[in-house]
Amino acid sequence: MISEFILLTLAGGIALSFLLVDPPNRIHLVSWLGKIVSYFIPKLKHKSSPKEEKLKGMFFALILTFGFSVTSYYFSITLYKLFGLVALLIFSLLVLKFTMPILTLEKHISAIIYALEEKNLIDARKNLSFIVGRKTDTLDRDHIISATIESIGESLVDGIGSILFYYSLFGPPGAIAYRIINTLDSMIGYTDKYHHDIGWMAAKLDTISNYVPARLCALLLVISSKIVGADWKNSILIMREDHNNTPSVNGGY
């Protein structure tokens, strides 16, 4: 019964993600999560103790992740007991929709491609800035393409693959827990002096949680290249030879 429900909601959630655009940021749950994290970032800092910063960052990441996911678990149970299977189904579909921004990614990528086809580097750089953290105002065409491909690869894992993976294992709480981890990593999981200690746990959780999905997505890319008639044998070779050529243990895949 549970496995059938998971499969049904997976299919429905993916379809919903392709059919409906994401809601505006003012009512988007991930945007609200970002505001919570932004509010607490200054409070995690300590003027003279990196050790205390790391400890605060650890507690913050763990409490936020497990707090929201456990709450969603009991909310799911309560929803089912009070309103039945249909209510739980709707909740599960909404969780997948809010945590898996397929159309948002496609919209930004399409805008970059269109600008490049029109030889409009200014618009291409501007649209690229919506999906990458680096400065884009001086990038040439080749570097815009490179950054776009890199962003697609990363988003394939943390925007789609990992969400589906953890939803399949743990239902809505799994998808919510992963989205929190990924949001924390994107906001504080940096190695610069300001974020290094407060974001240490967020970065570790993100690396661990993406370990299996990154490799599964790499295999799915090989399978996909076979399906569309591309050079799938060479894609295997590239994956074997180049997956260690990035600082991240997951990024190369």
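Numbers for residues simply follow the sequence, beginning at 1.
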Q: First locate atom CD1 of Ile102, then atom OG of Ser155, and finally report the distance between them rounded to the nearest 0.5 Å.
A: 11.0 Å
Q | Shortest non-hydrogen contact from Val132 toward Ala147 | A | CG1-O, 4.2 Å
Q.
If you compare all heavy atoms of Cys217 against all heavy atoms of Gly161, which two are closest, and at what distance to 0.1 Å?
A. SG-CA, 3.9 Å
Q.
Test of understanding: clusters of I, L, V, M, F, W, Y form through side-chain heavy atoms closer than 4.5 Å, transitively. Do Phe130 and Ile160 belong to the same one?
A. no
Q. Side chain of His243, backbone of Met239: donor and acceptor closer than 3.5 Å?
A. yes
Q. Just wondering, more than 12 heavy atoms not from Phe59 lying within 6.0 Å of its CZ?
A. no
Q. Can any side-chain N or O of Asn250 pair as donor or acceptor with the backbone N or O of Thr207 at less than 3.5 Å?
A. yes
Q. Are more than 12 heavy atoms from other residues, nucleotides or ligands located less than 6.0 Å from atom NZ of Lys35?
A. yes
**Q.** Close aromatic pair by centroid cut-off 6.0 Å: Phe75 and Phe91
**A.** yes
(Q) Under a plain distance cut-off of 3.5 Å, with no hydrogens placed, do Asn210 and Tyr178 share a side-chain donor-acceptor pair? (A) yes
Q. Are Trp200 and Met187 connected in a single hydrophobic cluster, I mean Ile/Leu/Val/Met/Phe/Trp/Tyr linked by side-chain heavy atoms less than 4.5 Å apart?
A. no
Q | Value rounded to 0.5 Å, distance of CD1 in Ile63 from CE in Met58 | A | 11.0 Å
Q.
Looking only at the side chains, is there a donor atom on one of Asn182 and Asp185 sitting less than 3.5 Å from an acceptor on the other?
A. no
Q: Quickly, which of Asn234, Ile227, Ile236 forms a side chain to side chain contact (heavy atoms under 4.5 Å, CB included) with Val222? Name it, please.
A: Ile236
Q) Nearest heavy-atom pair of Ala87 and Leu79: which atoms, and what distance? A) O-CD2, 3.4 Å
**Q.** Sidechain-backbone polar pair: Ser69 side chain, Ala177 backbone, donor-acceptor under 3.5 Å
**A.** no
Q) Only one of Leu33, Leu64, Leu205 forms a side chain to side chain contact (heavy atoms under 4.5 Å, CB included) with Leu184, so which one is it? A) Leu64
Q. Between CD1 of Ile180 and CZ of Phe66, what distance do you get to the nearest 0.5 Å?
A. 10.5 Å
Q: List in chain and number order the residues that pass salt bridge (Lys or Arg N to Asp or Glu O under 4.0 Å) with Lys45, two or more places apart in sequence or in another chain; answer none if no residue qualifies.
A: Glu53
Q.
Evaluate Ile14 against Leu164 for side-chain contact (heavy atoms from CB on, under 4.5 Å), listing each step before the verdict.
A. CA-CA 9 Å; Ile14 292 171; Leu164 296 177; 4.1 Å; yes
Q. Ignoring hydrogens and geometry, is there a side-chain-to-backbone donor-acceptor pair from Asp242 to Asn245 under 3.5 Å?
A. no
Q. Side chains of Ile188 and Ile41: closer than 4.5 Å at any heavy-atom pair?
A. yes
(Q) For the CG atom of Asn127 and the OG1 atom of Thr136, what is their distance to the nearest 0.5 Å? (A) 9.5 Å
Q) Out of curiosity, does Tyr39 fall in the hydrophobic cluster containing Leu44 (side-chain heavy atoms, cut-off under 4.5 Å, transitive links)? A) yes
Q: Determine the minimum heavy-atom distance between Arg179 and Thr99, stating which atoms define it.
A: NH2-O, 2.8 Å
Q: Determine whether Ile112 and Ile131 make a side-chain contact, defined as any pair of heavy atoms from C-beta on separated by less than 4.5 Å.
A: yes
Q | Rounded distance [0.5 Å steps], OG1 in Thr9 versus CG in Leu88 | A | 8.0 Å
Q.
Within the supplied structure, the quantity of interest is the number of heavy atoms (other residues, nucleotides, ligands) at a distance under 6.0 Å from Tyr194 OH; does it exceed 12?
A. yes
Q: Could you tell me whether the side chain of Asp137 reaches within less than 4.5 Å of the side chain of Lys126, counting heavy atoms only?
A: no
Q. Are Met100 and Leu10 linked, directly or through other ILVMFWY residues, by side chains that come within less than 4.5 angstrom of each other?
A. yes
Q) Would you say Tyr166's side chain and Ser209's backbone share a donor-acceptor pair under 3.5 angstrom? A) yes
**Q.** Hydrophobic cluster membership, Leu8 vs Leu16, 4.5 Å side-chain cutoff
**A.** yes
Q | Ser146 side-chain N/O to Asp142 backbone N/O, donor-acceptor pair under 3.5 Å | A | no
Q: List, by chain and number, the other hydrophobic cluster members for Leu94, where Ile, Leu, Val, Met, Phe, Trp and Tyr join if side-chain heavy atoms come within less than 4.5 Å, directly or indirectly.
A: Leu29, Trp32, Val86, Ile90, Phe98
Q: Determine, step by step, whether His196 and Tyr190 satisfy the side-chain contact (heavy atoms from CB on, under 4.5 Å) criterion, reporting the C-alpha distance in whole Å, the side-chain angles of both residues, the deciding distance to 0.1 Å, and the verdict.
A: CA-CA 6 Å; His196 181 271; Tyr190 301 109; over 6 Å; no
Q) Mind checking whether Ser92 and Tyr167 have side chains closer than 4.5 Å, heavy atoms only? A) yes
Q) At their closest point, which heavy atom of Ala124 faces which heavy atom of Ile144, and how far apart are they? A) CB-CD1, 4.0 Å
Q: Could you tell me whether the side chain of Tyr73 reaches within less than 4.5 Å of the side chain of Ile176, counting heavy atoms only?
A: no
Q: In sequence, state the C-alpha distance, the side-chain angles, and the governing distance for Ser235 and Trp232, and then conclude on side-chain contact (heavy atoms from CB on, under 4.5 Å).
A: CA-CA 5 Å; Ser235 70; Trp232 65 276; 4.2 Å; yes
Q. With distance as the sole test, does Ser110 use its side chain to make a donor-acceptor pair with the main-chain N or O of Lys107 at under 3.5 Å?
A. no
Q. Is any side-chain heavy atom of Phe83 less than 4.5 Å from a side-chain heavy atom of Thr78?
A. no
Q: Mark yes or no for whether Arg125, through its side chain, and Leu139, through its backbone, hold a donor-acceptor pair below 3.5 Å.
A: yes
Q) Under 30°, 30 to 60°, or over 60°: which ring-plane class applies to Phe60 and Phe40, parallel, tilted or perpendicular? A) tilted
Q: Check Ala61 against Met201 and note the closest heavy-atom contact, atom names and distance.
A: CB-CG, 3.8 Å
Q) In Å, rounded to the nearest 0.5 Å, how long is the span from CG of Leu121 to CG of Asp123? A) 9.5 Å
Q) Do Arg141 and Ile145 touch side chain to side chain, with heavy atoms closer than 4.5 Å? A) yes
Q. Does some side-chain heavy atom of Leu156 sit less than 4.5 Å from a side-chain heavy atom of Leu221?
A. yes
Q: Show the numbers, then the answer: is there a side-chain contact (heavy atoms from CB on, under 4.5 Å) between Thr148 and Leu128?
A: CA-CA 7 Å; Thr148 302; Leu128 177 63; 3.7 Å; yes
Q. Is the number of heavy atoms from other residues, nucleotides or ligands within 6.0 Å of CD1 (Ile122) greater than 12?
A. no
